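Working notes, structure below.
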Amino acid sequence: MKAGGEGLGLGRRRGLPLQADINVTSLVDVAFVLLIIFMITAPIMQGGVEVELPKATVAPISSKDGVIVTLDRRGQIFVDDVPVTYEEFRASIRRLVDQRNTSSVYLRGDRNALFGNAVRIMGALHDAGITSIGVVAEEEDLRQ
């Protein structure tokens with residue numbers, strides 16, 4: 001046996017240089033695949049109530065801090081994507097507006113919803129003392 005541990009394989013190997021580089025190609029591939037997956041799934045993951053908004057000549061909403069009330073085509077009421085009954089809506093809307101320290105409520109209604117349901121919601125908002133009610137619509141394409 002040789003001194004210094006060469007006989008045990010602990011010495012320096014000859015002919016094979018050390019490589020200290022990190023191969024990042026596979027890491028980049030995985031990162032790109034994850035990026036593509038997130039880009040595809042992000043629009044799907046955006047919750048919200050599915051409504052078909054009516055089209056009109058509209059101005060963009062200037063304030064984003066208001067409460068959003070949605071009325072779907074079946075007449076179901078949603079307050080910020082949470083379904084509520086009409087009675088729950090009447091009982092809680094004033095308190096919710098006060099908690100958010102806002103005076104604006106935006107009504108999103110499906111174009112196929114009954115007009116009477118929208119009027120009931122606006123009446124409940126008025127009864128709660130809320131006078132700043134915006135109606136949300138899709139911008140109409142006037143180039144036709």
Side-chain angles (χ1 to χ4, degrees), residues 4-6 8-144:
E6 288 179 329
L8 300 174
L10 299 175
R12 190 170 156 218
R13 295 183 187 181
R14 296 183 187 179
L16 293 176
L18 293 176
Q19 181 158 351
D21 295 336
I22 297 174
N23 187 0
V24 295
T25 304
S26 61
L27 294 175
V28 171
D29 289 344
V30 170
F32 279 132
V33 169
L34 289 174
L35 178 67
I36 291 169
I37 289 171
F38 288 131
M39 287 172 54
I40 291 171
T41 58
I44 296 169
M45 299 295 286
Q46 283 183 341
V49 181
E50 194 69 31
V51 292
E52 191 176 333
L53 293 173
K55 295 186 180 202
T57 305
V58 295
I61 297 174
S62 60
S63 175
K64 301 285 185 196
D65 60 347
V67 177
I68 298 176
V69 177
T70 305
L71 176 66
D72 72 359
R73 69 180 58 195
R74 296 172 308 173
Q76 176 69 48
I77 302 169
F78 296 84
V79 177
D80 291 334
D81 302 334
V82 177
V84 294
T85 64
Y86 178 72
E87 290 76 23
E88 291 170 338
F89 174 73
R90 285 185 63 90
S92 64
I93 190 63
R94 180 76 243 173
R95 184 176 57 242
L96 182 62
V97 169
D98 289 341
Q99 283 176 353
R100 297 224 182 139
N101 197 20
T102 184
S103 62
S104 301
V105 174
Y106 299 106
L107 177 60
R108 296 177 64 228
D110 193 284
R111 73 173 68 190
N112 297 316
L114 295 175
F115 182 68
N117 289 338
V119 171
R120 281 181 72 196
I121 291 172
M122 290 193 300
L125 291 170
H126 188 272
D127 289 346
I130 301 165
T131 57
S132 178
I133 304 169
V135 178
V136 180
E138 235 178 71
E139 188 168 3
E140 188 173 27
D141 188 12
L142 299 175
R143 294 176 284 166
Q144 296 176 2

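The model shown is predicted, which means the values in this text are computed figures rather than measured ones.
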- Pick from Leu107, Ile133, Asp80, Val84: which one makes a side-chain contact (heavy atoms from CB on, under 4.5 Å) with Val69?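 Of the listed residues Leu107, Ile133, Asp80, Val84, the side-chain contact (heavy atoms from CB on, under 4.5 Å) partner of Val69 is Leu107.
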- Message: Looking at Asp29, I'd like to know if its CG atom is crowded, meaning that more than 12 non-hydrogen atoms belonging to other residues, nucleotides or ligands lie closer than 6.0 Å.
- Response: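 Enclosed: over 12 neighbouring heavy atoms sit under 6.0 Å from CG of Asp29.
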Nearest non-hydrogen partners of [X] and [Y], listed with the distance:
{"X": "Thr102", "Y": "Ser104", "value": "OG1-N, 3.2 Å"}
{"X": "Ile93", "Y": "Ala128", "value": "CG2-CB, 3.9 Å"}
{"X": "Ala124", "Y": "Tyr86", "value": "CB-OH, 4.0 Å"}
{"X": "Arg100", "Y": "Gly66", "value": "NH1-O, 4.1 Å"}

- Query: To the nearest 0.5 Å, what is the distance between CG (Leu71) and CG (Leu114)?
  - Reply: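 So the gap between those two atoms works out to 8.0 Å.
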- Starting at CG of Leu125, measure out to CZ of Arg90 and round the result to the nearest 0.5 Å.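 Atom-to-atom, Leu125:CG and Arg90:CZ are 9.5 Å apart.
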- Item | With sequence neighbours excluded, residues passing side-chain contact (heavy atoms from CB on, under 4.5 Å) with Thr85 |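 Residues passing side-chain contact (heavy atoms from CB on, under 4.5 Å) with Thr85: Glu87, Glu88.
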- Message: Check whether Arg73 reaches the backbone of Asp110 with its side chain - one donor and one acceptor, N or O, closer than 3.5 Å.
- Response: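 No.
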- Task: Apply side-chain contact (heavy atoms from CB on, under 4.5 Å) to Val30 and Leu34, showing your working.
- Result: CA-CA 6 Å; Val30 170; Leu34 289 174; 4.1 Å; yes
- Message: Could you work out, with side-chain hydrogen bond (donor to acceptor under 3.5 Å, both in side chains) as the rule, every residue matching Thr25, not counting sequence neighbours?
- Response: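 Thr25: side-chain hydrogen bond (donor to acceptor under 3.5 Å, both in side chains) contacts with Asn23.
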- Just do the side-chain contact (heavy atoms from CB on, under 4.5 Å) check on Phe89 and Leu96 with the steps written out, would you? CA-CA 10 Å; Phe89 174 73; Leu96 182 62; over 6 Å; no
